[in-house]
Structure formats: C-alpha cells, structure tokens
There are 2 protein chains.
Amino acid sequence: MRNPTLHDVARAAGVSYSTADRVLNGRGGVAMKSIQRVRQAIEDLGYRRDITAANLSRRRSYRFAAYVPPGDHGFFSAIRRAFLDQAEARAGQRITVDLRDELDGPPADCDCAVLAGAGQERIDALIAGDVPVVALVTDMPGARAYIGIDNLAAGRTAGRLHRIAHRGRHARVLPVMGSASLRDHRDRLAGMAEILGADSLLPPIEVRDNPDRMRDLLGQALRADPGITGIYSIGAGNRGLIPLMRDMGGNRPFVVLHELTPHSRAGLLDDLIDVVIDQKPAEEVACALDVMKAIADGETPGSVTITPAIFFKENLPGVPA
Amino acid sequence: MRNPTLHDVARAAGVSYSTADRVLNGRGGVAMKSIQRVRQAIEDLGYRRDITAANLSRRRSYRFAAYVPPGDHGFFSAIRRAFLDQAEARAGQRITVDLRDELDGPPADCDCAVLAGAGQERIDALIAGDVPVVALVTDMPGARAYIGIDNLAAGRTAGRLHRIAHRGRHARVLPVMGSASLRDHRDRLAGMAEILGADSLLPPIEVRDNPDRMRDLLGQALRADPGITGIYSIGAGNRGLIPLMRDMGGNRPFVVLHELTPHSRAGLLDDLIDVVIDQKPAEEVACALDVMKAIADGETPGSVTITPAIFFKENLPGVPA
DNA sequence: CGGCAAATGAAAGACGTCAATCATTTTCTT
DNA sequence: AAGAAAATGATTGACGTCTTTCATTTGCCG
C-alpha cells in the first residue's frame with residue numbers, strides 16, 4: 001500500500017540502490033542497459049521521489065527573490081505585503097523570500113526570481129545570471145512563466161459591464177490609461193474596444209498612474225464633454241478620480257476600474273464608483289511561489305491565468321482583522 | 001543562519017532533547033518549570049518544527065474522506081472531479097482522499113472528513129465518530145470549518161447586477177429557487193431582496209433543482225407575466241432554462257444564475273444568459289484540503305470564504321485542455 | 001591473458017523529527 | 001531517612017533521500 005521507495009525501484013530493476021540513485025539523479029557512469037532497467041522499474045512501480053525527504057536530506061531551502069516596484073501605489077504595496085505574508089506562512093516549508101526594490105543590484109544567488117510589473121531591463125540582467133524568472137502581473141518575454149490576469153479578457157469584461165449598464169442608451173465611455181506604452185494597459189483597452197465599438201469608445205487619456213494628473217486631466221475631459229456616460233480607468237491613480245465623482249453627484253458616469261485598494265473600496269461603499277476588477281494580489285503571489293517552487297524542483301510548470309474578481313459594493317470581502 | 005532545531009531549543013532551555021520533545025508533543029510527565037523554560041526557548045529562538053521532517057518520521061499520511069452527493073448535477077460532478085484531481089496532485093504530499101457518495105456507510109477510519117452540500121444526518125454520524133468534519137458549499141452546525149461562498153453577498157451581487165442592467169427602468173425580477181428549505185438558497189434570496197426592494201422582486205418559484213420542472217414552471221410563469229424583466233436562478237436545473245430563453249429571442253429577461261457548467265457556459269456564449277456567479281469548485285476543494293490538513297496537523301484554522309467569480313461571455317476561462 | 005577503465009555494489013552518515021526504552025536523578029511522602 | 005513516585009537524561013532506530021567513499025566486478029583493449 002505504501003508508496004514505493006527508491007530501494008523498491010532498485011530491487012525491481014535488479015540493481016543496487018547506488019545505481020538506481022545514479023540514474024535518478026543523473027550522476028553518470030551508468031551503462032545504458034542499467035539506465036533503461038531503472039527507468040522501466042520507475043515506470044512500472046509508479047515511483048515518485050519523496051520531495052520532502054529529498055529536501056530534508058539536502059538541507060535544501062528554496063531561496064527566492066521578489067522584485068516589486070517601490071512606492072506605495074495601493075496595488076503594489078498589496079503585492080509587497082502578500083510576499084511578506086507568504087514568506088512568513090511558508091517558513092515551515094523552507095522557503096525564503098528576499099523582497100527587494102526593482103532598482104537594486106544584480107540578483108543574489110537564488111533559486112528563482114519573480115518580477116512584478118517590472119521593465120525589460122531587469123529581466124535581462126536576471127536571465128543573464130542564469131536565474132529562472134517568473135513574471136507577475138505583467139508578462140514579459142524571457143520569463144519562464146507568467147502569473148496574472150488575462151488583460152484582454154479583463155478589458156472585455158469592463159466593456160460588457162458598460163454595455164449592461166447602458167442597456168438601451170448610447171454609451172460614451174472614456175478610457176483612462178496609465179500609459180499607452182504598457183502592454184497590460186493596451187490589452188485592456190483593446191479588450192474593451194472589442195465589445196463597445198468605435199462609436200461608444202472615446203479616445204483614451206493618459207494619466208501616468210498619478211492621482212494628481214488623474215484629477216486634472218480627467219476633470220478637464222469631463223467638463224469638456226458633458227455627454228460622457230462611462231469611465232474605464234485602466235491603470236492606477238484612482239485616488240484622484242474619487243473626488244471628481246463626488247463633485248458630480250447623482251448623474252456621474254458609470255465607473256469601472258481596476259484593483260481593490262483602500263481608496264477604491266471606499267469609493268464603492270460611497271457609491272462613487274460602480275465596479276472594481278481586482279487581480280487578487282495575495283492569490284497571485286501564492287500562485288507565483290508555487291510556480292517558483294515547482295521550477296526550483298526541476299519541473300516545468302505552465303503559466304497561470306488568474307481569474308480576476310469583480311467587486312460591487314455588495315460583495316466586498318471583509319477587511320482582514 | 002540555519003533554522004533552529006529542537007536540539008537547539010533543548011540546549012538553550014538547559015534540558016535534554018527528550019524533555020524538549022515531551023513538551024513539544026505534549027507527552028506529559030514534565031515539571032512545570034521545565035515546560036516554561038522550553039516554551040521560552042522556543043519563543044526566543046523562533047523555533048518552528050519542521051513539518052516535512054516530522055511527517056517523514058511519522059510516516060504520516062493524511063487520510064481524508066469526502067462525501068459528495070451522487071448524481072451528475074453539473075456542479076457536484078465538478079466538485080467530484082476536483083477532488084480526484086487534487087488527490088492526484090497531492091499524492092506527493094502523502095494525502096489520500098477517499099471519495100464517497102454521501103449515502104454509504106459510517107466513516108472509515110480517517111483524519112478528517114469533508115461534506116459537500118450534505119444534510120444534517122450525515123454530519124451527526126461523523127461527529128459521533130470523533131472525526132473532525134469540514135463543511136463545503138453548505139454550512140452546517142457542528143462543522144469545524146466552512147469553506148464556501150457568502151451566499152448573502154452572492155444574492156446581493158445578483159441584485160446589484162440586475163439594478164445595473166435595469167438602470168432607469170423598473171425591474172421585475174423573478175427568483176427561481178431550488179428549494180426554499182435550503183439555507184443557501186434562502187440566503188441568496190435574502191441578499192437579493194436587500195438590494196432590489198419588494199416592488200421589484202416577484203415571489204419565488206421552486207423548481208427543486210430539476211431541469212424539467214424548471215422548464216415547466218418557469219415557462220408557465222413567463223407566459224403568465226410578460227412583464228418579467230429579470231430572472232435570478234438561485235439553484236441548479238438551469239439546463240431547463242436555456243431553451244426557454246432561446247424561444248423568447250431578442251426581448252428575453254436579464255438572466256443571472258449560479259455555477260459555471262457546460263450548460264451555463266454554452267448559455268453565455270449563445271447570449272441566452274447574461275451572468276454566471278460561480279463558486280469555483282476547484283478552488284474550494286483545494287482550500288478544503290488545506291484546511292483539513294491543518295486540522296489534522298492539530299491547528300485550528302478558521303473558515304474560508306471563497307469570493308465567487310463573476311462570469312460574462314467575455315471573461316470565460318478557457319476550457320482545460 | 002594481463003591490465004586498465006568503466007560500471008556496479010556496499011556501506012555509512014547526514015537531514016530533523018518521532019517514538020520508545022531504560023537508567024538515573026530529583027522530589028515528595030510518611 | 002528510606003522508599004516510592006515523578007522527572008529527566010541518554011540512547012536508539014526508524015522515515016526516504018542525498019552524497020561520498022571504497023571495494024569489487026565486468027568489459028574491453030592490445
């Protein structure tokens with residue numbers, strides 16, 4: 001009943017434990033026919049190495065580095081907190097997470113690194129250093145896996161929400177981007193365009209994820225075009241959006257934005273915004289660590305697409321105690 | 001640098017390994033002052049028992065039993081599949097899941113059991129047998145933890161969606177329950193009532209999660225009251241709803257229902273329904289197993305509230321390959 | 001067939017914890 | 001203070017794998 005051990009494999013293959021071990025761990029110096037017999041025995045018995053025992057023996061601890069942009073965008077500080085929480089929670093699993101600003105030096109000696117929404121320069125440096133890299137939030141070429149949401153689908157979702165909210169009426173939705181040069185933001189916009197059609201989608205404005213700029217540019221746009229019936233805020237800086245909606249009172253546009261932060265939560269509760277699409281940073285981070293562990297164990301896990309949560313005023317999760 | 005071991009703790013406390021072990025594992029026969037010194041040393045060193053080593057030593061394998069109602073409601077068969085998948089995925093973690101119909105005999109000897117949407121009779125039998133029980137999908141008194149969605153919040157969410165969809169117009173929403181005696185269903189209805197108000201919410205019909213009955217009763221209700229602008233299907237049996245919507249063509253009501261199944265997925269894609277609120281069976285099951293493992297390890301984890309996913313046509317996850 | 005390299009086997013000591021046994025010390029009782 | 005009970009210490013062999021060392025066997029070459 002018990003799972004087969006490497007001893008069982010060796011016995012079944014008719015070789016010694018040493019030889020089975022040499023095959024399993026690729027140490028070389030084994031005749032071809034032995035290799036095949038061991039492989040066959042592994043297959044037959046359905047042997048799976050007990051990773052916990054292996055790690056115990058190797059005194060292996062997983063050393064991960066996480067690069068998260070500095071500053072306190074509500075969102076990235078949630079990511080940062082999630083890494084700290086997870087590091088704490090996984091201490092018993094021999095996992096160490098070294099959390100760093102994306103600005104600092106070359107990667108320390110670690111088993112796998114994760115980059116959250118970082119630029120291409122960083123990943124190049126890491127890859128050059130032979131460290132496998134996982135992309136979080138923002139995909140990037142060269143990454144072994146991407147963990148994050150499908151931004152195109154997110155944009156389509158936002159579009160659908162606007163369509164539902166506009167049922168019957170003609171929609172005029174203003175997209176507010178962080179930057180048109182960010183892949184994520186472009187994808188979201190493209191997704192929305194698929195659903196809304198050109199006549200309903202106004203040209204986007206760019207606020208560089210900056211609340212002040214958001215307040216200025218968006219306020220200006222709303223004054224210039226009183227016929228705007230919807231807003232899709234694609235990036236960050238929504239702190240600047242809230243007071244504008246408060247000023248507009250009862251006939252503000254329908255607002256969809258991204259990431260649940262203290263500000264967007266308050267906005268929902270105060271009926272100043274309508275929908276928040278959240279990519280669940282804690283779950284993303286947990287997922288990223290699982291993937292990194294798998295990579296460190298020599299597996300080749302695929303990318304993980306997080307299904308974003310959609311929050312209204314009514315289904316906000318309780319604040320953690 | 002390396003994590004402290006129990007040997008380190010013993011040394012720091014000035015006692016032998018045996019004594020430290022007796023304290024840690026509550027074996028008794030230890031003087032109060034030794035207990036305190038060991039506790040203090042554990043605290044000071046930040047000692048955390050290495051669970052992998054412990055499990056290795058105990059040859060511990062977690063034996064779980066999962067009771068899932070028989071039959072192939074799309075939803076419960078997804079739960080069932082999730083258990084099988086997880087059992088497979090966690091074989092390396094020494095976790096065995098014994099999946100059973102809720103009808104069969106008393107609990108086998110196991111570390112923890114999980115009941116998915118079962119009646120009270122079952123849980124009583126299990127609890128009498130000293131097996132800790134976790135409730136999945138449907139909460140029940142006596143369970144050590146509940147893993148599932150907040151049904152009240154789900155109902156409110158559905159209500160909000162209807163309000164968004166009805167903006168301006170007067171809503172007349174027909175709730176379709178499985179059974180008014182199910183706690184989950186009552187909660188969902190109550191949640192919706194909080195948002196919609198009595199004048200917009202019609203009296204519910206009951207279809208007992210049965211597609212045929214759904215087709216008959218709902219069809220009848222729709223013919224009787226052509227002014228229905230929305231449907232909230234609270235339970236199962238939605239297979240019977242789809243063809244009705246197809247028949248109504250362009251001016252069908254706005255439809256919100258629960259659980260992503262092959263049928264509801266097809267309904268979304270064919271524009272026959274609008275929103276699916278899904279409780280993510282796979283995630284729930286994974287979560288339940290984590291909780292059960294924690295319970296088996298002697299921890300006392302809390303309940304977990306799953307945030308339901310909200311699906312439109314546009315953000316459906318790809319079908320697993 | 002001698003000699004050399006390659007292949008194999010045997011063994012042992014980690015890793016950190018569990019669990020059990022037995023010997024010894026301390027503490028309490030009367 | 002003697003004897004019983006309680007507490008402690010010392011030790012050992014698992015658990016399954018890793019890693020290294022050393023001895024032995026096998027195969028191949030000229």
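As a basis for the values below, the full set of heavy atoms in this structure was taken, side chains included, without hydrogen atoms, waters or symmetry mates. Below, chain A is the first sequence line, B the second, and so on; all start at residue 1. Everything numeric here is computed off the predicted structure, so don't read it as measured data.
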Close N or O pairs between protein and nucleotides 8-14 of chain D (under 3.5 Å):
| from | atom 1 | to | atom 2 | distance (Å) |
| --- | --- | --- | --- | --- |
| D:dT8 | OP1 | B:S34 | OG | 2.2 |
| D:dT8 | OP2 | B:A31 | N | 2.7 |
| D:dG9 | OP2 | B:S16 | N | 2.7 |
| D:dG9 | OP2 | B:S16 | OG | 3.1 |
| D:dG9 | OP2 | B:T19 | OG1 | 2.8 |
| D:dG9 | N7 | B:R22 | NH2 | 2.8 |
| D:dA10 | N7 | B:S18 | OG | 2.8 |
| D:dA10 | N6 | B:S18 | OG | 3.2 |

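Note: CG (A:N55) to P (D:dT17) measures 12 Å, nearest angstrom. The nearest whole Å value for the distance from the CG atom in A:D50 to the C1' atom in D:dG16 is 6 Å. Rounded to an integer number of Å, the gap from CZ of A:R11 to P of D:dG16 is 12 Å. Rounded to an integer number of Å, the gap from A:H7 NE2 to D:dC15 C1' is 12 Å. Rounded to whole Å, the distance from CG on B:L56 to P on C:dC15 is 14 Å. Between the CG atom of A:L24 and the P atom of D:dT17 there is a distance of 8 Å, rounded to whole Å.
For the residue pair B:T138 and B:D184, a side-chain donor N or O sits within less than 3.5 Å of a side-chain acceptor on the partner.
Checked against C:dT17, D:dT17, C:dA19, the side chain of B:D21 finds its nearest nucleotide in C:dA19.
Contact annotation for B:N25: backbone-only contact, meaning every heavy-atom pair under 4.0 Å involves sugar-phosphate atoms and none involves a base.
Heavy atoms of other residues, nucleotides or ligands lying less than 6.0 angstrom from CZ of A:R183 number 12 at most.
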Listing, residues 28-45 of chain A side-chain donor-acceptor contacts under 3.5 Å, not counting sequence neighbours, or none:
| from | atom 1 | to | atom 2 | distance (Å) |
| --- | --- | --- | --- | --- |
| A:R37 | NE | A:A13 | O | 3.3 |
| A:R37 | NH2 | A:A13 | O | 2.9 |
| A:Q40 | NE2 | A:D44 | OD1 | 3.0 |

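For the pair A:R265 and A:D278, the minimum side-chain heavy-atom distance is 4.5 Å or more. Residues B:E284 and B:I149 are in side-chain contact: their nearest non-hydrogen atoms beyond the backbone lie under 4.5 Å apart.
Considering only side-chain N and O atoms, B:R58 lies under 4.0 angstrom from the phosphate OP1 or OP2 of C:dC18.
Atom CZ of residue B:R48 and atom CG of residue B:N3 lie 9.0 Å apart, to the nearest 0.5 angstrom.
If B:R27 and B:A53 are placed on DNA chain C by their nearest nucleotide, the residue sitting closer to the 5' end is B:A53.
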